[in-house]
Structures are given as C-alpha cells and as structure tokens.
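Below is one structure, written out as structure tokens; the observations come after it.
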Amino acid sequence: MSRERNKAIAALLGTAIVVVVIAVAMFIGLSSNGSTEKITSQEMAIGEDHMLAVDAGGNVYAWGHNLMGELGDVTCDNKSAPVKVEVPGRVVQVAAGDELSFALNKSGDLYAWGDNTSYQMGDGMNISRMEPEKMMEDVAMVAAGSKHAMAIGTDGALYVWGRNKDGALGISESECDQTDESGYPCMSTPYKLMDDVAYIDAGEDYSMAITTDGTLYAWGYDVDHQLGLEKVDSENSNGEAYQSKPAKVMEGVTKVACGSRYMAFALTEDGVLYGWGDNRVGSVGTTKVDDAKNNIQKTPLKIMEDVTDIAAASAHAVALKSDGTAYTWGVNNYCQLGLKYGDGTYTVGEETIYYQAKPKKLAENVEAIAAGGFNSMYRSSDGVLRTIGSNLYGQMGIGSEDQFKKTATAVYLKK
C-alpha cells in the first residue's frame with residue numbers, strides 16, 4: 001500500500017464518487033510516559049496525509065506525510081510521531097491542505113509552508129517551502145482547500161488565493177494573475193472576495209463561507225452536488241458543473257464542514273445537522289436521498305439533531321452530539337470509522353469499498369472531534385487524544401509503522 005494506492009482509491013471513487021479535505025477542532029494529549037499530566041492542545045487540522053496540532057503554550061506540532069515539506073521541519077522525510085514546528089508567536093489556529101500547512105498566531109500573523117506549486121501559500125510566488133513563512137497580517141481565521149486557501153481578516157473581509165480551477169476562488173479567470181504548471185489560472189496573493197464573513201471551509205476546488213447573519217454561501221466545483229445548490233451557473237470544458245461566484249445555500253448556519261470533494265455539511269444554530277452531495281458510499285450519512293437513481297442528495301437534508309460539532313474528511317465524516325457521543329459514517333477501507341467493515345459495499349473494477357451508510361456510534365464521553373483524509377480523531381473527557389485509520393505515512397502520530405489501525409490509539413505530543 002502507498003500514497004499512490006490512496007490516490008487510486010480516490011480515483012476509483014471518482015469514476016463513481018470521489019474523495020479527499022479540511023477541518024479544524026480541539027484536542028488534548030498525554031505525556032509520553034502515560035501519566036495524567038495533560039498537554040492541552042487548542043487546535044488541530046488534518047490534511048490528506050498529515051496532521052497539525054497546537055499545544056497549550058501555542059506551539060505547533062506536525063506528523064505524517066512530508067514530501068513537499070508540509071511538516072515544516074526543514075526536511076522532506078515522513079514522521080510517525082509529532083515534531084515541533086518553529087512558528088513565531090503563540091499559535092491559535094492551524095489549517096492543512098493537500099500538502100500545505102498554515103498557522104495563525106495570536107497577533108493575527110498568518111504563516112504557511114509546504115506545497116506552493118499553485119500559489120496556494122499566497123506569497124506571490126510558486127516556490128514550495130520546508131519551513132514557515134509569514135504571508136499575511138490581521139487575520140482572524142484561515143481555511144485550506146486542496147490547492148487553494150482563504151482567510152477572514154480581522155475586519156470580516158474574506159480573502160482568497162491559489163488555484164482557481166472551476167471557480168474555486170469565486171472570481172473570474174481574467175482576475176487571476178498567474179497560471180500553474182498544469183495551466184490552471186491562479187491568484188498569487190490574497191484577493192478580497194466579500195465582507196462580513198464569520199466562518200469558512202474549503203474542499204477540492206470548492207469553497208464555503210458563513211456570513212455574520214448566518215447565511216451560508218458556496219462556490220466552485222459541483223459535479224457531486226457538494227455545493228448544496230439547486231442549480232449552478234457554469235460548466236467547464238468537460239461539461240462538469242461549477243458555480244463561478246458565491247451563491248446562497250441556506251440560512252441559520254453556525255458551522256460548515258467540506259469533505260474533500262463529495263459532500264458537505266452545515267450545522268444550524270439549534271443543533272440540526274444537514275448534509276448533501278454524492279452518497280454512493282454513504283458519505284452524506286443517510287439512506288434516503290432526493291436523487292435515488294444516482295444516490296445523490298442535491299440540497300441540504302436533515303441528518304441528525306442535538307449536534308455540537310461536525311468534521312468531514314475524504315469520503316467519511318464524524319459528528320459530535322450534545323451528550324458527548326461521537327458518530328461516524330461513510331468510507332471505511334482503513335477502519336477510519338472505528339468499525340471492521342460497515343453496512344454496505346461498493347465495487348469499482350476489482351476494488352471493494354466498505355462503507356457505513358447511517359451514523360454509527362464511535363465513542364462516548366467525547367469532547368472534540370476531527371477528520372481528514374482516511375483518518376478520524378477525537379479527544380475524550382479523560383483528556384486523551386486518539387486517532388484511528390490510515391497510517392501509511394505515520395499520520396496517526398503513534399510512532400508505529402503499521403499501515404492502519406482498527407482501534408483508536410493515543411497520540412503523545414511531547415516526549
């Protein structure tokens with residue numbers, strides 16, 4: 001098994017569904033000797049195959065895949081245990097793209113490192129970097145798609161940059177100032193898109209934003225109906241649908257979570273979770289959709305109640321309910337749902353995809369959740385951070401060479 005196999009699974013799902021991320025949550029770890037000394041972490045982010053975490057002192061740690069320097073330790077070697085990243089100031093948020101990392105410090109300075117071949121660092125160049133570089137000031141929040149990124153300024157303005165394939169940035173191609181090696185238009189520095197934004201997230205070539213009045217907007221690639229819109233305004237040269245500029249999805253939203261490509265979720269003020277997108281491997285978390293023939297939910301559909309948090313990964317998701325119970329659903333080929341198999345299978349060629357179509361309990365007494373790539377993680381009330389799923393590049397952070405883990409395992413930030 002290899003990263004290429006991960007890509008192959010995603011490609012197979014792509015002929016029939018598709019996979020891949022981005023999410024931000026909280027967690028706590030224990031000291032490496034297993035004592036009860038808690039190392040409180042305020043933020044965590046998961047890319048396709050690497051993870052980032054921030055401890056109580058505002059220090060950043062990273063582990064997993066590192067081909068493009070996304071771990072920020074001035075190497076390109078994968079790491080199976082957390083390594084400290086030298087980011088100036090006290091970090092309050094991290095975000096991870098495909099092979100890219102961001103860290104935002106308390107002063108509002110945004111740092112980036114890793115893949116920059118599509119100008120997704122936003123520093124005006126396309127040179128990838130193996131250590132953090134400051135690229136923006138006065139930032140309140142950052143989100144990373146696969147090859148593009150967004151940030152909310154302290155004044156509520158939303159800025160976008162990176163690859164603008166199929167409307168990912170919500171601007172026209174003519175407004176972009178560069179092209180990448182694949183010929184896609186790119187914005188090399190932050191471009192102001194809209195005002196009064198409170199929350200953001202992004203997936204593979206699509207983006208979402210919640211304005212201060214609770215309205216959810218979406219734009220970008222929509223071949224799997226991941227935007228939740230009844231219809232979009234454009235098609236690419238292959239006849240695939242996309243939305244070229246922000247369009248209203250729904251109101252009363254407090255958080256949005258974008259899967260890599262296939263599905264997205266919105267959490268409302270009263271704790272109702274809505275989902276939509278391609279459901280052929282259970283990614284939306286329902287067995288009843290509005291396009292039963294193609295197993296696609298085109299517009300927001302109520303999935304669960306009493307939900308306090310949601311995290312979306314490649315083609316699976318994790319939800320946290322108000323009673324502290326975490327639920328998972330979607331693709332399960334690396335046991336990332338905490339299950340051995342699931343309630344369904346999907347076959348493409350010789351590949352069998354195991355999935356869970358409806359939410360299934362992962363754990364109780366959970367305080368925080370996260371999901372990305374082929375992994376899930378949660379922090380329980382005993383202060384322990386646990387990861388589960390793929391470990392092909394050490395992205396579970398447990399110091400093991402096992403390719404995946406069937407049970408959740410504790411992560412230790414510090415030795």
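- When atom types are taken as modelled, the side chain of T179 and the backbone of G183 share no donor-acceptor pair closer than 3.5 angstrom.
- There is a side-chain donor-acceptor pair under 3.5 Å between N66 and D73.
- Remark: Q243 CD to S234 OG distance equals 6.5 Å, nearest 0.5 Å.
- In this structure, E269 has no salt bridge (Lys or Arg N to Asp or Glu O under 4.0 Å) partners at least two apart in sequence or on a different chain.
- In this structure, Q336 contributes its side chain and V331 its backbone to a donor-acceptor pair below 3.5 Å.
- A side-chain N or O of Q120 and one of D115 form a donor-acceptor pair less than 3.5 Å apart.
- Scored by the salt bridge (Lys or Arg N to Asp or Glu O under 4.0 Å) test, E137 finds K134 as partners (sequence neighbours excluded).
- Residues satisfying the salt bridge (Lys or Arg N to Asp or Glu O under 4.0 Å) criterion with K360, sequence neighbours excluded, are absent altogether.
- In this structure, a donor-acceptor pair under 3.5 Å is absent between the side chains of S283 and H316.
- Among residues two or more places apart in sequence or in another chain, the side-chain contact (heavy atoms from CB on, under 4.5 Å) test is passed with E240 by Y221, V223, N236, N238.
- Side-chain N or O atoms of Q226 include one that pairs as donor or acceptor with a backbone N or O of R261 at under 3.5 Å.
- Residues V284 and V289 have side chains not in contact (no heavy-atom distance under 4.5 Å, counting atoms from C-beta outward).
- In this structure, CG in L216 is found 11.5 Å from CG in L267, a value given to the nearest 0.5 Å.
- Side-chain atoms of Q297 and T286 include no donor-acceptor pair closer than 3.5 Å.
- With no hydrogens or angles considered, no side-chain donor-acceptor pair links D109 and S107 at under 3.5 Å.
- Side-chain polar atoms of T409 and R386 form no donor-acceptor pair below 3.5 angstrom.
- Residues forming a ring-ring contact (aromatic ring centres under 6.0 Å, His included) with Y191 (at least two apart in sequence, or on another chain): none.
- Within the 4.5 Å cutoff, no side-chain heavy atoms of S381 are placed close to those of V366.
- Using a cut-off of 4.0 Å between Lys/Arg side-chain N and Asp/Glu carboxylate O, K147 and D205 are scored as not salt-bridged.
- With sequence neighbours left out, D343 forms a salt bridge (Lys or Arg N to Asp or Glu O under 4.0 Å) with no residue at all.
- Although no hydrogens or angles enter the test, the distance criterion places no donor-acceptor pair under 3.5 Å between the side chain of S390 and the main chain of Y334.
- N105 contributes a side-chain N or O that, together with a main-chain N or O of P88, makes up a donor-acceptor pair within less than 3.5 Å.
- Minimum interatomic distance between G72 and P132 (heavy atoms only, all atoms of both residues): O-CD, 4.1 Å.
- In this view, K321 and M304, D306, D323, Y327 satisfy the side-chain contact (heavy atoms from CB on, under 4.5 Å) rule, not counting sequence neighbours.
- When the side chain to side chain donor-acceptor pair (under 3.5 Å) test is applied to S80, no partner is found at least two apart in sequence or on another chain.
- W219 places a side-chain N or O within 3.5 Å of a backbone atom of A168 that can act as its donor or acceptor partner.
- The side-chain contact (heavy atoms from CB on, under 4.5 Å) search around A157 returns D155, Y159, K192, D195, not counting sequence neighbours.
- A donor-acceptor pair under 3.5 Å is formed between the side chain of N333 and the backbone N or O of T352.
- Considering only residues two or more places apart in sequence or on other chains, K165 meets the side chain to side chain donor-acceptor pair (under 3.5 Å) condition with none of them.
- E99 is listed as a side-chain neighbour of H65, based on a closest heavy-atom distance under 4.5 Å.
- Classified by interplanar angle (parallel below 30°, tilted 30° to 60°, perpendicular above 60°), the ring pair W161/F102 is perpendicular.
- In this structure, the side-chain contact (heavy atoms from CB on, under 4.5 Å) partners of P300, at least two apart in sequence or on a different chain, are V249, M250, Y274, W276.
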- Query: Checking salt bridge (charged side-chain N to carboxylate O under 4.0 Å, His left out) for the pair D402/K406: CA distance, chi angles, key distance, verdict?
  - Reply: CA-CA 10 Å; D402 293 342; K406 297 179 181 178; over 6 Å; no
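- One side chain, D177 or S188, offers a donor N or O that lies under 3.5 Å from an acceptor on the other.
- The environment of Y242 atom OH is dense: over 12 non-hydrogen atoms of other residues, nucleotides or ligands sit within 6.0 angstrom.
- A distance of 8.0 Å separates SG in C186 from CZ in R163, rounded to the nearest 0.5 Å.
- For the pair D201 (side chain) and M208 (backbone), a donor-acceptor distance under 3.5 Å is absent.
- The ring-ring contact (aromatic ring centres under 6.0 Å, His included) test applied to W329 returns F265, not counting sequence neighbours.
- Under a 4.0 Å N-O distance rule, the pair R129/D123 qualifies as a salt bridge.
- The closest donor-acceptor contact from the side chain of N391 to the backbone of Q403 lies at 3.5 Å or more, if one exists at all.
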